[in-house]
Amino acid sequence: MSLSTLPSHDADPRRVSAPVLDVVIPVYNEETDLEPCVRRLHGYLTEHFPFPFRITIADNASVDSTPTVARRLTGRYAEVAAVHLPEKGRGRALKHVWTRSDAAVLAYMDVDLSTDLGALLPLVAPLISGHSDLAIGSRLARGSRVVRGAKRELISRGYNLILRGTLAARFSDAQCGFKAIRSDVAARLLPMVEDTGWFFDTEMLILAERAGLRIHEVPVDWVDDPDSRVDIVATAMADLRGIVRVGRALSTGRLPLAALREQWGRNPGGLTGQLIRFAGVGVASTLAYLVLYAMLRSGLGPQGANLIALLVTAVANTAANRRFTFGVRGSGGAWRHQAQGLVVFGIGLGLTSGSLAALHAVTAAPARPGELAVLVLANLLATAVRFLMLRVWVFRS
């Protein structure tokens, strides 16, 4: 989908059946802020957004007059719709609306409009053009301007550091209430997102990254809402539980992220990323091999020490490359991968053993440094062959 092929505003908005953008506003007991928010957002989109749009009020179990205000707004504006859910949870509301929307791009923002609306077009444009899969507003990106207290600033930065340290997250701000996703991506990704509360955003972004999706970040101008009703302690505890749950699911391979990468034709980091990770594993394996060889050489001789050291490190190398280089999780196919890895090991053994045999044929008693140098060179060649065979044979999609 490109900007040039998308439809323009219809003369009568009520005839628009499939908007390009659906902006969801999740609310709970927001009878005061809801109407000013919708009026301001509707005015901005009418003036600045060049395609059909919808604003969906997702009321999750409000007990005040929020549903009444929502109905009044749907009667006033043709582009405003309202949904009432009997249970609380921002994640539940977003998932409900996003999985049922007919719009090409799905977004959401908090009712307090803490994020300046000027960032909305930069947020959704890469999704409309097809350049990116998800987009997030970031209060921590370079160029953002944020007004908030030191306590919230510290909590936000601490939370994102935890995500980087535990789940290897690369996005800068998981919690900003200003995000968008393409509808085709949402249809495949959201069924795997389990959280129904505030951790919904984080879980969605972590899974998107692991599936190789492209996440676009937009620096935002953001002003803290002093009347925020978020229970910081309860939310923080729920987020920590969510991190543990998602980390466990990723480590066990329970989520079919590899299948999603194959469906979308995505490979995080591509060949370059694989080479970097493979090189890191290879350096560690080579060091371990040399240590083992030096320890075993006196008792087993050069050939025996080479065999044992190479076998031990080959098994560890296959397991490490399976997980880190090629992103294969879970136990499915692990034994087959190790068996194929042993075939690759045999090739490496032939190269290194052959180099040792050639060296000893030339010199009956080669110096130890020379012997190690020959082994290092042989291992470099074996490493190149190993990467090629792992990529095109053992772990191919």
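It should be emphasised that the depicted structure is a prediction, and the values quoted were computed from it without experimental measurement.
Residues His96 and Arg100 bring a donor and an acceptor atom of their side chains to less than 3.5 Å of each other. Judged by distance alone, the side chains of Glu30 and Ser62 never bring a donor and an acceptor atom under 3.5 Å apart. Side chain to side chain, Ser138 and Ser172 meet the donor-acceptor criterion of an N or O pair below 3.5 Å. Of the N and O atoms on the side chains of Thr66 and Tyr28, not one donor lies less than 3.5 Å from an acceptor on the other residue.
Residue pairs meeting the salt bridge (charged side-chain N to carboxylate O under 4.0 Å, His left out) criterion with at least one partner in residues 290-308, sequence neighbours excluded, are Arg297-Glu371.
The distance from the CD atom of Glu79 to the OG1 atom of Thr74 is 12.0 Å, given to the nearest 0.5 Å. If you take CG on Leu310 and CG on Leu292, they are separated by 10.5 Å, rounding to the nearest 0.5 Å. Remark: Ile181 CD1 to Ile136 CD1 distance equals 12.0 Å, nearest 0.5 Å.
Among residues two or more places apart in sequence or in another chain, the side chain to side chain donor-acceptor pair (under 3.5 Å) test is passed with Thr286 by none. Taking His360 as the reference, nothing meets the ring-ring contact (aromatic ring centres under 6.0 Å, His included) condition, with sequence neighbours excluded.
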*Derivation of the side-chain contact (heavy atoms from CB on, under 4.5 Å) call for Phe178 and Val218*: CA-CA 10 Å; Phe178 196 70; Val218 177; 5.7 Å; no

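When side chains are defined from C-beta on, Asp201 counts as touching Arg90, because their heavy atoms get closer than 4.5 Å.
With respect to the salt-bridge test (charged N to carboxylate O, under 4.0 angstrom), the residues Arg139 and Glu217 do not qualify.
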